[in-house]
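None of these values were measured; they are calculated from a predicted model. Numbers restart at 1 for each chain; the letters A, B, ... are given by sequence-line order, proteins then strands.
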Amino acid sequence: MEDARLLFDSMVVRDLVSWNIMIDGYTADASLTFGLFQLFLTEGKKPDCYTIGNLLRASIEVNRLEMISELHGFSIKLGLERSNVALVRSLIVAYAKCGSLSNALKLYECTMEGDLISCTALITGFAQQNSFTSCAFDTFKEMILMKTKMDEVVVSSLLKICTTIASISIGRQIHCFSLKSSQIRFDVALRNSLIDMYAKSGVIEDAVLAFEEMEEKDVRSWTSMISGYGRHGNIEKAIGLYNIMEHEGIKPNDVTFLALLSACSHTGETEIGWEILNTMVNKYGIKVREEHLSCMVDMLARGGNLEDAYELMRSKNGITTSLSSSTWGAFLDACRRHGNVQLGKVAAAQLLSMEPKRPVNYVNLASVYAANEDWDNALKTRKLMKETGSCNTDNTLNKRF
DNA sequence: TAAAACCCTC
């Protein structure tokens, strides 16, 4: 890219095509893309649909909604909005991905009704806004009524929503719909979505069916199935499947190991957990992620090995990112359950410095004291919570109602 | 061409 830039800078006459190629080349680094676009504008150039399309992709990358609106404005000014279907589609995708569903919807209703790509973008956009999943299904119903073209991507997106709301009945309906439709190809991604949907909805047998039906399985297929067994508390099956996977020459990834570690933490298999972590690092050279540590900490702390868990949190096993508040939260909860005031206080201090406004942290610390019949400090902690004014900032309730 | 799949614990 540096060479391309040198060549580009040395050009005497730069036409729109060379600008577009350059802007496209920088999509990996959005700030460079935008910088180049500024230069483009100061030179008095006019963007076309390709320039704007490339910039939209960069804006999605860094979640810059105001940039998308600006590019939308450009398209209107240049009259591209009315003539270029692909551009409008890209705008809808960009708005939906960056969370502005109202803008995406407006554009869709004006010009793109019944367009498969736009509908899929709307559906995943709705799915990302927790409380709008029903809108995603409404969009799909409209597609059916309008006899829109369907494909595996849109049903796969819908199945993903079913996993988050754990709706086996909707999931099954979508599965049946896909079987009946001649337009839907059962590719690896769709089959993986099916495994995941059934496993997360609690119907492990159907997840197994979907898994065994596959002629070509990738690492995600195996991981979904392992994770499914782990979630169901079946560690033997999870590890058995991992062994078969290895035997078949499929390389596990960081997520596969996360699924295995999680299975160990559910069943309290501390020794196996350590073994798995070692295999991941030493045999596969996979870097330990914060989530792996979090799992290990939970596993150790749950089993009462609070000291080991704390030691792991301190040493962080060589990873450089800092631990998330949720890891500390899980640790604090384990301290409460095992009545360890000393470590509970350490965890609470850490948590209160990270998120001083979350009541749950105070409540957990108070419970640590209470578990040790230290009513004095329990009461003081409760008081402190009220003083910080954090009682009113619990948005977990707002979310639910 | 674009829109989709595996991700820990509280």
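Less than 4.0 Å separates DNA chain B from at least one heavy atom of each of the following residues of residues 132-162 of chain A: A:Asp151, A:Glu152, A:Val153, A:Ser156, A:Ser157, A:Lys160. The stretch residues 284-312 of chain A comes close to DNA chain B through A:Arg289, A:Glu291, A:Ser294, A:Cys295, A:Asp298, A:Arg302, each having a heavy atom under 4.0 Å from the strand. Remark: nothing in residues 165-186 of chain A comes within less than 4.0 Å of DNA chain B through any heavy atom. Of the residues in residues 86-103 of chain A, those placing a heavy atom less than 4.0 Å from an atom of DNA chain B are A:Arg89, A:Val93, A:Lys97, in numerical order. For DNA chain B, the neighbouring residues in residues 199-208 of chain A, judged by any heavy atom under 4.0 Å, are A:Lys200.
Nearest approach of A:Thr381 to A:Asn377, heavy atoms of both residues: OG1-O, 2.7 Å.
Across all strands, A:Ser262 comes closer than 4.0 Å only to sugar-phosphate atoms, never to a base (heavy-atom distances). Contact annotation for A:Asn253: base contact, defined as any heavy-atom pair under 4.0 Å involving a base atom. Base contact: A:Ile117 has a heavy atom under 4.0 Å from a base atom. No engagement by A:Asp254 is indicated, since no non-hydrogen atom pair under 4.0 Å with the nucleic acid exists.
Atom-to-atom distance recorded for A:Asn192:CG and A:Leu159:CG is 11.0 Å, nearest 0.5 angstrom. Atoms CZ and CG, from A:Arg289 and A:Leu261 in turn, are 11.0 Å apart once rounded to the nearest 0.5 Å. A:Lys345 contributes atom NZ, which lies 13.0 Å from atom CG of A:Leu332 (distance to the nearest 0.5 angstrom).
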ring-ring contact (aromatic ring centres under 6.0 Å, His included) assessment of A:Phe8 paired with A:Trp19: CA-CA 8 Å; A:Phe8 177 76; A:Trp19 276 102; 4.9 Å; yes
CA sep, side-chain torsions, deciding dist, call: A:Asp196, A:Arg220, salt bridge (Lys or Arg N to Asp or Glu O under 4.0 Å): CA-CA 10 Å; A:Asp196 205 41; A:Arg220 290 180 190 200; over 6 Å; no
Any chance you could lay out the salt bridge (Lys or Arg N to Asp or Glu O under 4.0 Å) test for A:Lys283 and A:Glu246, step after step, and finish with the verdict? CA-CA 12 Å; A:Lys283 185 168 175 189; A:Glu246 243 190 343; 2.7 Å; yes
Mind running salt bridge (Lys or Arg N to Asp or Glu O under 4.0 Å) on A:Arg337 and A:Asp333 for me, showing each step along the way? CA-CA 6 Å; A:Arg337 269 179 292 156; A:Asp333 193 57; 3.4 Å; yes
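The outermost nucleotides of DNA chain B lying under 4.0 Å from heavy atoms of chain A, listed 5' to 3', are B:dA2 to B:dC10.
A ring-centre distance under 6.0 Å is found for A:Phe40 and A:Phe37. The aromatic ring centres of A:Phe211 and A:Tyr229 sit 6.0 Å or more apart.
Environment of CD in A:Glu109: crowded, with over 12 heavy atoms of neighbouring residues, nucleotides or ligands closer than 6.0 Å. No more than 12 heavy atoms of other residues, nucleotides or ligands shown are found within 6.0 angstrom of CZ on A:Arg82.
Between the side chain of A:Asn103 and the backbone N or O of A:Lys106 there is no donor-acceptor pair closer than 3.5 Å. In this structure a side-chain-to-backbone donor-acceptor pair under 3.5 Å is missing from A:Ser294 to A:Glu291. Between the side chain of A:Asn305 and the main chain of A:Asp308, no donor-acceptor pair closer than 3.5 Å is present.
Taking a cutoff of 4.0 Å between a charged side-chain nitrogen and a carboxylate oxygen, A:Lys380 and A:Glu387 do not qualify as a salt bridge. We find that A:Lys287 and A:Asp254 are not joined by a salt bridge, their nearest charged nitrogen and carboxylate oxygen being 4.0 Å or further apart. We find that A:Glu66 and A:Arg64 are joined by a salt bridge, their nearest charged nitrogen and carboxylate oxygen being less than 4.0 Å apart.
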